[in-house]
Structures are given as structure tokens and as C-alpha cells.
Amino acid sequence: MKRVMLTVAYDGTNYCGWQVQPNGDTIEGQLNKHLSQLLGEEIAVIGASRTDSGVHALCNLAVFDTEARMPAEKISYALNQRLPEDIRVQKSEEVPADFHPRKISTRKTYEYKIYNAQFPNPVMRLYSHFTYVPMDVAKMREAAEHFIGEHDFAAVSTYKPEVESTVRTIYELSVTKEDDLITIRVTGNGFLYNMVRIIAGTLMEVGRGRMEPSDISKVLASRDREKGGPTAPACGLTLVRYEFEN
């Protein structure tokens, strides 16, 4: 028996998120099906990040155990021959038997992209959120500073009763603009359900002039979801980096 870790990239447009769902196609479901067929045994992967429906990833991680004799590093090549073209394994490698991607210290980086122009661009529609309302990027940058550090992020996350703590640490949060594309890039030690999309939605409220940058600290202190901004659409969000802290 060996444990194998996959680094998986995917376009989440056509999937109901990462986690297996009873009535929808998912990334996890596709991996389980094709790994089971490839290796001739029942495989159930454990994912590091349970991305939502429509969210993309360059580097999500998944582990599974197998009795197969195929070398771990060869599994990626064989699996990619079977997977749909919007899912591709970037790397497969053997890891220690007790390795669990959700039980070690990590740093995750997400990017949220906003296409801010007079008219939509069809090429950008699957990978960015379009808005024609002008955005004040300088104010968005100022507001972003208030999210950095250790905070209780209950006001910018969707409530989940099983979550024991809503305290997380954001190490970096930047807002940049190149031509008509605004990119919000955030790195943290973990993210609550919808947290990045709600942060993006809150920053857009600042960019539109509906909130002031100084309001962010008050929003966080309130721990009240109704004080935060709306949840930004899933299509703009991509998991771009996954790092082990040690």
C-alpha cells in the first residue's frame, strides 16, 4: 500500500465544485471514477481544498491510497489520458502514509479577477466577473490593508455550523489593475466557506463607492455577515498556489 498525492488543475465551469455531490458532476467524482478504472480498485481521493461550483484551480491537491504497482510518478501520465480535457493532473508523487493535506500547515493563494470595462469580453467570461461600473482601485487597495493579519472573519464568510473557529490569518492581499482587468490576490493560512468571494464582493463595494475603506475594520469587528459585501460570482475565482509552511 502506498499513498499518492496529485496536483490537479481544472476549469470548474462545468462542475458542481470539488466534493462529490449526489446529483451533479464534480472534480472529485471524476478523479475517483478514472483512478478506479485505471488502477483496478476502488479509489476515493481526499482533497485539500473543497472549491465551490464554478471555481477554478491551478494546483489543488488530492491524496489516495493504492495497492497498484504502477510507480506514483507515472500515474499522472496514465490518468490524463482518461480525464476530461478540463481536468489535468500536473504531478503525481508518493508521500508518507500518514500525510493528510488538510491536517498540515499550509499557505493558500487565490486570485479573483474582475473585468471592468464598458462591455463584456467573451474570451474573459468564464474566468472573470464582469462589471461596467467604474472601480476606484486606489480605494480598494486601501480597504484591502484592513483584512491583513489575524482576524475573526465571520462577517465575510457563509456560516457553517461544523466550523469551530472563524479566526484566520491573511498574510498578503493586493489589488492590481492591468488594462481592464482588476486582480485581487490573497494569501492566507486557510479560508472559510465563500470567504474569498465575499472579500472580493466587499472590496468591489468599496470600489463602487458604496463603502469606505475604513468601514472594513468595523465590518470585521461586527462578526455580522449582513455587514459584509455580497458574495462575488464563482467564475472569477482561481486557486493559484498551495504551499506547505514547513
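Index from 1, following the sequence. Remember, predicted model here, so these are calculated numbers, not experimental data.
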Salt-bridge present (D215, K227; N to O < 4.0 Å): no
E150 atom CD, over 12 foreign heavy atoms within 6.0 Å: no
E164 CD: over 12 foreign heavy atoms closer than 6.0 Å: no
Verify same cluster id: I182, F147 (apolar side-chain graph, 4.5 Å): yes
Residues, nucleotides or ligands: over 12 heavy atoms within 6.0 Å of K2 NZ: yes
Distance (rounded to the nearest 0.5 Å) between I199 CD1 and I216 CD1: 9.0 Å
Test log, rule side chain to side chain contact (heavy atoms under 4.5 Å, CB included), inputs L38 and M70: CA-CA 10 Å; L38 173 67; M70 183 183 296; 4.2 Å; yes
Output side-chain donor-acceptor pairs under 3.5 Å for residues 94-101, partner residues at least two apart or in another chain, one line each.
| unit_1 | atom_1 | unit_2 | atom_2 | d |
| --- | --- | --- | --- | --- |
| H100 | ND1 | R102 | N | 3.1 |

Stepwise side chain to side chain contact (heavy atoms under 4.5 Å, CB included) test for L239 and H56: CA-CA 6 Å; L239 173 62; H56 317 294; over 6 Å; no
hydrophobic_cluster_shared for I46 and M5, side chain cutoff 4.5 Å: yes
Ionic contact status for R208 with E205, cut-off 4.0 Å: yes
Test side chain to side chain contact (heavy atoms under 4.5 Å, CB included) applied to D86 and Y15, step by step: CA-CA 10 Å; D86 50 7; Y15 297 95; 2.6 Å; yes
Side-chain ion pair, E243 and K108, N-O less than 4.0 Å: no
For S92, all residues meeting side chain to side chain contact (heavy atoms under 4.5 Å, CB included), sequence neighbours excluded: V4, L6, I75, S76
Residues, nucleotides or ligands: over 12 heavy atoms within 6.0 Å of R241 CZ: no
Y171 atom OH: more than 12 heavy-atom contacts under 6.0 Å: yes
R185 NZ/CZ over Y110 ring centroid, <6.0 Å and within 45° of normal: no
Donor-acceptor under 3.5 Å (D180 side chain, A117 main chain): no
